[in-house]
2 protein chains.
Amino acid sequence: METKIKIHLADDHQVLIDGILAVLKTNPNFEVVGFSLNGENLVERVAKNEAHVLVMDINMPEKDGIQVLREFNEKGFTCKVIILSSYDDPKLIKEVIKLGASGYLTKQCAGENIVDAITSVAQGNQYFSSTIKDKVFDIFTENNQRQALSIEDIISGITTRELEILGYICEEKSGKDISELLNISPNTVETHRKNLMKKLKVKSSVGLVLFATKHNLISIQ
Amino acid sequence: METKIKIHLADDHQVLIDGILAVLKTNPNFEVVGFSLNGENLVERVAKNEAHVLVMDINMPEKDGIQVLREFNEKGFTCKVIILSSYDDPKLIKEVIKLGASGYLTKQCAGENIVDAITSVAQGNQYFSSTIKDKVFDIFTENNQRQALSIEDIISGITTRELEILGYICEEKSGKDISELLNISPNTVETHRKNLMKKLKVKSSVGLVLFATKHNLISIQ
DNA sequence: AGTTTTCTCACCAAAATTGGTGATATAAAA
DNA sequence: TTTTATATCACCAATTTTGGTGAGAAAACT
């Protein structure tokens, strides 16, 4: 082993960082050059430390993992990224792979898997656990077999204005309320609402709210 | 240090277990006697190993942390419990304290905090991080200062029939649909709906759905 | 036994939602 | 440049929801 693999860790759970730190310390090929508890300035910090591998959670304060990946692509950095997430939602996996992550592990994995994953992606390979590979397969078959619209397609068919209005509906605002908030005619608001209902195949505003909460289109406070 | 502190770890994230394991290994006073990835037979396993301290997550498959704590109380075990959760929801903290947990840490805490917490509770003390103490204070003031009805009081004011109808509303059923499902007059359904809106202080069916989802009165599928 | 709660139903009027069609201006994409 | 997508608005009719009041019967509680 000529040079050590430089690693940066990012997760809002400090206890997990400390734990992985302790695990990685046992391997002489690894050198943890930094860690972050949120996504702020993460790209800059990784670049400055010249880390080879970034092990990152998706859910982080300030800036989430998806945004960080986008930034990596925009700025053309070559640092390999391994996602370490609690969730194995197909939508998320699809997005993450599209954004060029080299690996994806769920937190159900063993500490040893992280060691393997880091070694693997540092050599230019990819590393996905078998459960993740299964999910990817599901996405593939879903996209090629079913002619019906997938949830992703439905969601991507919503316009920004519609999403904005959906947000207000989910805040218990009436049509008139919204029209006053946006300075548009009540008729327009109702048109948007109707188009939303048609697109999301629901029968009422309650259906809109249910769809939005189910697919995390809005944040519930 | 006469005898080592026997510790059992329970968390569905293996990587976190491995991490904490690595952290605790550095302290000669600690001995991890077992770990679990879910709540199944957790109480039995802890009892068999005669662990002094159980560090446990709330969210676990098979049996969650709350259920495990209940079982501990029923069976009268003396093992100290430290909750290590991602969430710091006041309701959860309140419940956990009521069930006799000796400590509560969020996963935002440092690995060192776990060491401190274990040492502390093993000596018979309690260990709560300052952010958790703040939350407890909030609960206290909420219960004693405000004369307004607490969420719990509001929820307990809902009758079974109303809850039933709330469930149907959250399934996007119309008033007429519900009246047919329950074989009652549409007027009755609307009366229930109106009473619900008054009790929950919301302005529309959307408000009802939001209240129900926020407080887990219904299960979203 | 008497009181309270819950469930039931009715009637009324105002307001809002739902389900259509059609049309215009503007911006984006092919 | 032509087409497409988006946002805007109007008009219409049917239906539903909302906000009241009042009231009877059954169940639960004191």
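Numbered from 1 within each chain, the chains take letters A, B, ... in sequence-line order.
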### Task
Please determine if a side-chain N or O atom of B:Ser204 lies less than 4.0 Å away from the OP1 or OP2 oxygen of C:dA16.
no
### Query
Between B:Arg70 and B:Asp64, is the closest basic N to carboxylate O distance under 4.0 Å?
no
### Query
Of the nucleotides D:dT17, D:dC11, C:dC11, which one has an atom closest to the side chain of B:Glu190?
D:dT17
### Query
Are any non-hydrogen side-chain atoms of A:Ile118 and A:Tyr127 less than 4.5 angstrom apart?
no
### Task
Please determine, for the side chain of B:Lys194, which listed nucleotide (D:dT18, C:dG19, D:dT6) has the closest atom?
D:dT18
### Query
Which nucleotide in the list D:dT16, D:dT17, C:dC9 gets nearest to the side chain of B:Lys176?
D:dT16
### Query
CD of B:Glu180 versus C1' of D:dT16: gap in Å, rounded?
14 Å
### Message
Whether the side chain of B:Thr191 and the base of C:dC9 hold a donor-acceptor pair under 3.5 Å is what I'd like checked.
### Response
yes
### Task
Let me know the distance between CG of A:Asn187 and P of C:dG20, rounded to the nearest Å.
17 Å
#### Entry: Interatomic distance, A:Glu172 CD vs C:dA16 P [rounded to whole Å]
14 Å
#### Entry: Rounded distance (Å) that lies between atom C1' of D:dA28 and atom CZ of B:Arg161
17 Å
### Message
If you only use heavy atoms from C-beta on, which nucleotide in D:dG19, D:dT6, D:dT8 is closest to the side chain of A:Ile184?
### Response
D:dT8
### Message
Rounded to whole Å, how long is the line connecting atom CD1 of A:Ile165 with atom C1' of D:dT6?
### Response
12 Å
### Query
Counting just side-chain N and O atoms, does A:Ser185 come under 4.0 Å of either OP1 or OP2 of D:dA10?
yes
### Task
Grab the CZ-P distance between A:Arg193 and D:dT17 for me, whole Å please.
13 Å
#### Entry: Test: B:Glu162 and B:Arg193 ion pair at under 4.0 Å
no
### Message
Under 3.5 Å, is there any donor-acceptor pair linking the side chain of A:Lys198 to the base of C:dG19?
### Response
no
### Task
Look at the side-chain N and O atoms of B:His192 and state whether any lies under 4.0 Å from the OP1 or OP2 oxygen of C:dT8.
yes
### Task
Answer yes or no: is there a side-chain heavy-atom contact under 4.5 Å between A:Thr213 and A:Cys170?
no
### Interatomic distance where CG belongs to A:Leu163 and P belongs to D:dA7 [whole Å]
10 Å
### Query
Does A:Ser205 have a side-chain nitrogen or oxygen under 4.0 Å from the phosphate oxygens OP1 or OP2 of D:dT17?
no
### Message
With a cut-off of less than 4.0 Å, is there a side-chain N or O of A:Thr188 near OP1 or OP2 of D:dT8?
### Response
no
### Query
When the distance from NZ of A:Lys203 to P of D:dA14 is rounded to whole Å, what number comes out?
22 Å
### Side chain to side chain, A:Leu69 and A:Ile83, heavy atoms closer than 4.5 Å
yes
